[in-house]
Amino acid sequence: MTNPNLPSTVGVLGGGRMGAGIAHAFLIKGANVLVVERDEASAEAARERVEAAAARSIERGAVDGNLDEMVSRLNITVDYDDFKDRRLVVEAVPEDWDLKITSLRGIEERLADDAYLASNTSSLSVNGLARELKRPQNFLGLHFFNPVPASTLIEVVLGERTSPDLAAAAKRWVDALGKTAVVVNDAPGFASSRLGVAIALEAMRMVEEGVASPADIDNAMVLGYKHPTGPLRTTDIVGLDVRLGIAEYLQSTLGERFAPPQILKDKVARGELGRKTGKGFFDWAE
Ligand SMILES: NC(=O)c1ccc[n+]([C@@H]2O[C@H](COP(=O)([O-])OP(=O)(O)OC[C@H]3O[C@@H](n4cnc5c(N)ncnc54)[C@H](O)[C@@H]3O)[C@@H](O)[C@H]2O)c1
């Protein structure tokens, strides 16, 4: 049965890693979900991702329900016109400004005037995106974390013109998804990337200055502050190149305190990108 705290109809643009996770999150809580992809092959891949995630949730006992019933509430197409009856659409296409703008405008022109639109952007300005839309009051950021089923955090990113009604509704939706909302006024890096990267950059400067080894620096945070993973190991998992990109962006928007340390630039230049290349601040060869 549809959860009264969720929009009765939900749309997701892009059924990749994040979009499929977002579709799954709404589906397992009873919503009617439409995913729109760019072509038939991507639509098929998106369907497989969402259905496999739903099946896993049922197997693990994380969700009560029947897979056939869940799948009957999932529709995957390649036609933006199918968004027209959606009460909420979450955009989850790749992180490219022009693509986001074209996609968001394409969705907005099909939605009812009182329907809501969200972007899952991890770094673009919500105010900047809102300025390109006709109804900025109906738009906000919903920053889901990867992997969506295992993550309990959603950053609700409010633009200057996001309506109070939408802000309140978004918190109800996050609750109804069984996750926790962190509400952020739009700012570079939101709350999570800004703070996570700040700690990691300081940890890198400590390695550079010979204060302690990467393992000891990480243990200081894991054992002393109960972080599940230390800042340098997290950097290895995320990718040093990804973190360098975020640091450069935050440096350009928030100032020199986010300037990437030389050790990070050198490691990226040498191809030591972390887990994916077998070496970063730690050795991952095994
Ligand atoms: N991967 C992460 O860890 C993560 C975490 C939080 C937020 N994000 C953000 O989520 C968004 C999506 O990232 P992702 O990792 O899921 O990317 P992805 O490449 O896995 O998925 C993107 C999907 O969008 C589809 N697509 C591309 N152009 C399209 C179009 N014009 N119309 C419809 N579909 C289209 C692709 O076919 C693909 O399935 C990005 O903004 C990213 O910054 C990613």
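We count ligands from 1, going down the list as the structure has it; atoms in each ligand are counted the same way. Scope of the values below: all heavy atoms of this structure, side chains included, with no hydrogens, waters or symmetry mates.
If you number the atoms of ligand 1 from 1 as listed, the ones under 4.0 Å from a heavy atom of Lys100 come out as 40 (C), 41 (O). Every atom of ligand 1 with a heavy atom of Glu95 under 4.0 Å away is listed here by number and element: 40 (C), 41 (O), 42 (C), 43 (O).
Not one N or O of Ser103 is nearer than 3.5 Å to an N or O of ligand 1, by distance alone. Between His143 and ligand 1, a contact under 3.5 Å exists for no N or O pair. Considering backbone and side-chain N/O of Thr121, none are found under 3.5 Å from N/O of ligand 1. In terms of polar-atom proximity, defined here as any N/O pair under 3.5 Å, Pro94 makes no such contact with ligand 1.
For atom 3 (O) of ligand 1, the nearest protein heavy atom (residue, atom name, distance) is Asn146 ND2, 3.1 Å. Scanning all protein heavy atoms for the shortest distance to atom 38 (C) of ligand 1 gives Glu37 OE2, 3.4 Å.
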Q: Report the C-alpha separation of Glu160 and Asp186 in whole Å, then their side-chain angles, then the decisive distance to 0.1 Å, and conclude whether the side-chain contact (heavy atoms from CB on, under 4.5 Å) test is met.
A: CA-CA 8 Å; Glu160 285 160 3; Asp186 183 36; over 6 Å; no
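Each of Glu209, Glu202, Glu208 was scored for a side-chain hydrogen bond (donor to acceptor under 3.5 Å, both in side chains) with Arg205, with one residue passing: Glu202.
Here Glu37 pairs with nothing under the side-chain hydrogen bond (donor to acceptor under 3.5 Å, both in side chains) rule; sequence neighbours left out.
At a heavy-atom distance under 4.0 Å, only backbone atoms of Phe144 (N, CA, C or O) approach ligand 1.
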